[in-house]
Amino acid sequence: MNRRCPKREKRDWRGKGRGSKEDRGSGRQSTRKGKGSRRQVKIGDLEKRLSELEDRPINFSANPELTYSRPRVKSLTFDGQTSWIVFKTQFDVVSSANGWNNFVKASQLVASLRGSAAEVFQGIPSNKLSDLTTIENALEARFGDSHLTQFYRTELKTRRQKPGGSLQVLAADVERLMSLAYAECPLEVRESLVVQFFVDAIRDEHTQLCTRLMDLTDLKLALAYSMKYEASKIASKISMHARPIRIEDNAVKRKDEKFESLLAALEKLLDRLAAGKKNIPRRNPNVSCWRCYKKGHVRRECPSDNAARRDPNVTCWTCNKKGHL
């Protein structure tokens with residue numbers, strides 16, 4: 001039985017299964033060419049489709065309410081606890097920055113309401129929930145300050161600077177009341193009126209007078225001038241109180257001298273009165289003695305009385321001398 005070499009069988013098997021090197025190289029090249037051609041076809045198709053999209057006109061829906069820009073600024077929320085005017089101003093700024101139309105603004109406004117503010121939907125028909133004007137009017141009637149205009153005007157007229165209150169707080173409060181009381185007035189009119197109300201509300205008379213004489217038309221300038229005037233006034237008071245240390249000592253010395261002179265004058269006056277009492281007759285010259293019935297003395301001073309009867313040691317109660325009464 002003839003045996004075949006196992007290495008030869010293996011070599012023959014490899015040759016039959018894989019073929020020669022030239023055959024394998026040509027197969028790889030054909031495969032690469034096939035893949036490259038398919039890629040070129042796909043790239044060509046994509047370029048053709050892009051050119052068709054560029055040439056084709058963009059046809060969106062004719063309804064502008066369905067088109068809106070993507071929000072770029074975060075929308076706000078309103079719960080009825082804060083000022084409606086402040087929220088509406090902020091909402092208008094956000095809607096303008098995001099480029100919203102009235103339909104989108106109405107939708108965003110509805111989505112931003114919370115708590116008691118969302119209860120206004122109960123009084124709005126369902127077909128009007130997308131109407132911006134209807135929603136704003138309902139919120140204005142519920143949370144607006146239009147019915148308090150007269151109240152704000154009265155408060156603005158009677159507003160005065162509190163004792164110890166700063167001018168900055170006064171200016172901010174007057175400006176706030178001005179925007180609430182005269183919201184319908186033009187900006188130029190409000191700027192001129194707010195300066196007048198601010199000057200009238202200043203507590204110090206000198207500061208108010210000097211600020212009024214400056215005839216300023218801007219609130220910031222009026223506030224800056226009044227603050228400078230008050231600061232200079234306080235500095236002047238400090239310097240005035242720092243100098244009178246020696247003056248106060250001299251004043252005390254003068255007061256002491258004046259008191260001593262008054263005291264000396266009083267003593268002199270008392271001495272004169274005491275000396276005058278001695279010269280003044282003690283009795284009425286028309287008085288009559290009950291012993292001798294003569295005028296000019298009384299009975300205990302009667303000269304006709306026997307002096308021997310008197311006690312020489314007796315003391316007079318008037319002159320404190322002995323020998324008579």
Side-chain angles (χ1 to χ4, degrees), residues 73 75-97 109 112-117 120 133 135-241:
V73 181
S75 59
L76 307 172
T77 58
F78 179 67
D79 57 357
Q81 302 298 324
T82 57
S83 175
W84 159 249
I85 296 177
V86 175
F87 171 78
K88 187 176 183 302
T89 303
Q90 294 176 340
F91 183 79
D92 292 339
V93 173
V94 172
S95 61
S96 177
L109 182 58
S112 64
L113 299 181
R114 300 287 188 276
S116 60
V120 298
T133 305
I135 299 174
E136 287 183 348
N137 291 338
L139 292 171
E140 177 68 27
R142 177 72 178 276
F143 303 101
D145 299 332
S146 58
H147 60 285
L148 299 175
T149 302
Q150 190 61 36
F151 170 76
Y152 289 132
R153 291 181 180 179
T154 304
E155 187 176 0
L156 180 62
K157 292 179 181 179
T158 57
R159 180 67 170 89
R160 292 296 179 269
Q161 184 181 5
K162 298 179 181 179
S166 63
L167 292 172
Q168 296 93 323
V169 175
L170 177 64
D173 196 16
V174 170
E175 189 175 12
R176 178 185 65 84
L177 292 174
M178 187 68 195
S179 61
L180 294 173
Y182 298 94
E184 71 282 357
C185 294
L187 181 60
E188 295 79 6
V189 178
R190 283 187 294 174
E191 288 180 352
S192 60
L193 288 177
V194 73
V195 176
Q196 298 179 10
F197 285 115
F198 169 72
V199 174
D200 293 338
I202 296 176
R203 185 178 183 85
D204 186 72
E205 296 180 357
H206 296 284
T207 306
Q208 182 185 122
L209 177 61
C210 294
T211 308
R212 193 187 303 278
L213 291 176
M214 292 299 295
D215 197 15
L216 300 173
T217 58
D218 185 74
L219 180 60
K220 294 181 179 179
L221 296 177
L223 175 61
Y225 178 81
S226 59
M227 291 178 63
K228 287 182 180 179
Y229 183 83
E230 281 200 346
S232 61
K233 188 176 180 180
I234 293 173
S236 300
K237 286 184 178 180
I238 293 174
S239 61
M240 288 176 64
H241 286 292

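Heavy atoms only: backbone and side chains are in, while hydrogens, waters and symmetry mates are out. The residues of the chain are indexed from 1 along the displayed sequence.
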For the student: nearest non-hydrogen atoms of [X] and [Y], plus distance:
{"X": "Val120", "Y": "Ala117", "value": "CG2-O, 3.0 Å"}
{"X": "Leu167", "Y": "Ser226", "value": "CD1-OG, 3.4 Å"}
{"X": "Leu219", "Y": "Ala171", "value": "CD2-O, 4.0 Å"}
{"X": "Arg176", "Y": "Asp173", "value": "NH2-OD1, 2.8 Å"}
{"X": "Val199", "Y": "Thr211", "value": "CG2-CG2, 3.9 Å"}

Any side-chain heavy atom of [X] within less than 4.5 Å of one from [Y]?
{"X": "Tyr225", "Y": "Lys228", "answer": "no"}
{"X": "Ser112", "Y": "Leu109", "answer": "yes"}
{"X": "Arg159", "Y": "Leu170", "answer": "yes"}
{"X": "Leu156", "Y": "Arg153", "answer": "no"}
{"X": "Phe198", "Y": "Val194", "answer": "no"}
{"X": "Leu209", "Y": "His206", "answer": "no"}
{"X": "Asp79", "Y": "Phe87", "answer": "no"}
{"X": "Asp204", "Y": "Lys233", "answer": "yes"}

Can you check whether Asp92's main-chain N or O pairs, donor with acceptor, with Ser96's side chain at less than 3.5 Å?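 Looks like no, no N/O pair under 3.5 Å.
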Backbone N or O of Arg212 within a donor-acceptor pair of the Gln208 side chain at under 3.5 Å?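 No; zero donor-acceptor contacts below 3.5 Å.
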Salt bridge between Lys157 and Asp200, side-chain N to carboxylate O under 4.0 Å?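 No, this pair does not count.
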For the CD atom of Glu175 and the CG atom of Leu180, what is their distance to the nearest 0.5 Å?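 Atom-to-atom, Glu175:CD and Leu180:CG are 11.0 Å apart.
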CZ/Phe78 to CG/Leu113 distance, rounded to the nearest 0.5 angstrom?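 Phe78 atom CZ to Leu113 atom CG measures 7.5 Å (nearest 0.5 Å).
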Partner residues of Arg203 under the salt bridge (Lys or Arg N to Asp or Glu O under 4.0 Å) criterion, sequence neighbours left out: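 Per chain and number, Arg203 pairs via salt bridge (Lys or Arg N to Asp or Glu O under 4.0 Å) with no residue.
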Count the heavy atoms belonging to other residues, nucleotides or ligands that lie under 6.0 Å from CD of Glu205, then report whether that count exceeds 12.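 No, CD of Glu205 has 12 or fewer neighbouring heavy atoms, counting only those of other groups under 6.0 Å.
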Taking it one step at a time, do Tyr182 and Val189 satisfy side chain to side chain contact (heavy atoms under 4.5 Å, CB included)? CA-CA 9 Å; Tyr182 298 94; Val189 178; over 6 Å; no
